[in-house]
Amino acid sequence: MTQYWLIKSEPFKFSWDDLVRLKKDHWDGIRNFQARNNLKAMKKGDICLFYHSNEGKEIVGLCQVVTEHYPDPTDDTGKWVVVDVVPIKPFKRFVTLAEIKATPALADMALLKQMRLSVAPVRAEEFDYLLKLGETTL
DNA sequence: GCCAACGTTGGC
DNA sequence: GCCAACGTTGGC
């Protein structure tokens, strides 16, 4: 069963456009245990919403997990992991944080409940709703 | 740039 | 094992 996730990145560090340009990249730099556990729970084929934090504050596109977790090459301690993702397609219409907050059906999203969690699960019904808001289909 | 929220660390 | 201090994230 496909699981849905939301992954955050600050666009000036690593943006949607960067991922599109690279075609594929490992999602690194996660240094939070809960986020790491979520990374470890990701399965090949899972779908991720790409969210721009700090600047933009909106969901900009869809990507897919192509390689399940392996040790983070930028980490010496051996504690942290990365996954590989590829872009699928951008949202036709970006979905902003303000919009998510203003939508009762999305009020329970982990994104809102735990703002600092950079890798968060998304429920299927939330995912469907977001796709609709983004005027995009898989 | 500020600050609130929250996760992590380390002293006891 | 508690909790204060500290660091980081991310919205505003």
Side-chain angles (χ1 to χ4, degrees):
Chain A
M1 193 193 116
T2 305
Q3 175 66 47
Y4 304 105
W5 307 93
L6 181 142
I7 54 181
K8 289 187 194 177
S9 181
E10 301 186 33
F12 42 87
K13 280 189 197 149
F14 187 78
S15 70
W16 170 259
D17 289 338
D18 292 329
L19 181 61
V20 170
R21 187 153 29 80
L22 290 171
K23 302 258 197 310
K24 166 179 162 180
D25 198 30
H26 49 265
W27 201 260
D28 66 8
I30 298 298
R31 295 292 183 272
N32 169 291
F33 288 107
Q34 230 182 318
R36 184 197 64 176
N37 291 341
N38 289 335
L39 281 182
K40 286 189 169 179
M42 283 185 181
K43 296 276 180 264
K44 189 175 173 178
D46 281 0
I47 307 294
C48 304
L49 295 157
F50 196 117
Y51 174 82
H52 278 168
S53 64
N54 237 314
E55 206 149 290
K57 284 170 289 180
E58 56 200 1
I59 297 170
V60 295
L62 294 167
C63 49
Q64 185 164 36
V65 178
V66 290
T67 312
E68 291 176 21
H69 68 91
Y70 58 92
D72 187 337
T74 66
D75 166 43
D76 295 329
T77 68
K79 283 200 296 190
W80 307 106
V81 300
V82 299
V83 298
D84 286 348
V85 293
V86 295
I88 300 173
K89 61 166 75 166
F91 265 20
K92 208 160 163 195
R93 183 178 158 275
F94 296 167
V95 179
T96 65
L97 180 64
E99 207 176 343
I100 293 167
K101 278 186 174 169
T103 305
L106 302 174
D108 278 339
M109 282 191 68
L111 172 70
L112 301 181
K113 292 280 150 101
Q114 279 174 278
M115 295 214 296
R116 299 191 47 200
L117 190 58
S118 49
V119 181
V122 177
R123 289 200 280 268
E125 58 269 26
E126 293 165 346
F127 182 78
D128 290 342
Y129 203 99
L130 287 164
L131 274 190
K132 234 177 278 171
L133 286 180
E135 293 172 10
T136 304
T137 51
L138 254 185

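Throughout, protein chains are lettered first and strands after them, A, B, ... in sequence-line order, and every chain is numbered starting at 1. Just the heavy atoms: all of them, side chains too, but no hydrogens, waters or symmetry mates, feed the values below.
Note on A:Tyr51: every side-chain N or O is 4.0 Å or more away from OP1 and OP2 of C:dT9.
A ring-ring contact (aromatic ring centres under 6.0 Å, His included) check over residues 87-116 of chain A, counting only residues at least two apart or in different chains, returns nothing.
Of the candidates B:dT9, C:dC12, C:dG10, the closest approach to any side-chain atom of A:Lys79 belongs to B:dT9.
Look at A:Asp72 and A:Arg31 and you find a salt bridge, because one of the NZ, NE, NH1 or NH2 atoms lies within 4.0 Å of a carboxylate O, short of that distance.
In this structure, the side chains of A:Met42 and A:Ile7 come closer than 4.5 Å at one or more pairs of heavy atoms. Looking at heavy atoms from C-beta onward, A:Glu10 lies out of side-chain contact with A:Glu55 at the 4.5 angstrom threshold.
Ring-centre distance between A:Tyr51 and A:Trp16: not below the 6.0 Å cut-off.
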Between the protein and nucleotides 3-7 of chain C, list every N/O to N/O distance that falls short of 3.5 Å.
| from | atom 1 | to | atom 2 | distance (Å) |
| --- | --- | --- | --- | --- |
| C:dG7 | N2 | A:Arg116 | NH1 | 3.3 |

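In this structure a side-chain-to-backbone donor-acceptor pair under 3.5 Å is missing from A:Ser118 to A:Lys8.
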Mind listing the side-chain donor-acceptor pairs of residues 95-110 of chain A below 3.5 Å, one per line with the distance, residues two or more places apart or on another chain?
| from | atom 1 | to | atom 2 | distance (Å) |
| --- | --- | --- | --- | --- |
| A:Thr96 | OG1 | A:Glu99 | N | 3.1 |
| A:Glu99 | OE1 | A:Arg93 | NH2 | 3.3 |
| A:Glu99 | OE2 | A:Arg93 | NH1 | 3.4 |
| A:Glu99 | OE2 | A:Arg93 | NH2 | 2.7 |
| A:Thr103 | OG1 | A:Glu99 | O | 2.6 |
| A:Asp108 | OD1 | A:Lys113 | NZ | 3.0 |

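Residues passing the ring pair (Phe, Tyr, Trp, His ring centres under 6.0 Å) test with A:His52 are A:Phe50, sequence neighbours excluded.
Taking the six-membered ring where the residue is Trp, A:Phe14 and A:Trp27 present perpendicular rings, their angle passing 60° and hence far from 30°.
Of the residues in residues 100-114 of chain A, those placing a heavy atom less than 4.0 Å from an atom of DNA chain C are A:Lys101, in numerical order.
Rounded to 10 degrees, the angle between the two end axes of the helix from B:dG1-C:dC12 to B:dC12-C:dG1 is 10°, with five pairs used at each end.
Comparing A:Asn54 and A:Met115 along DNA chain B, the residue whose closest nucleotide (by nearest heavy atom) sits nearer the 5' end is A:Asn54.
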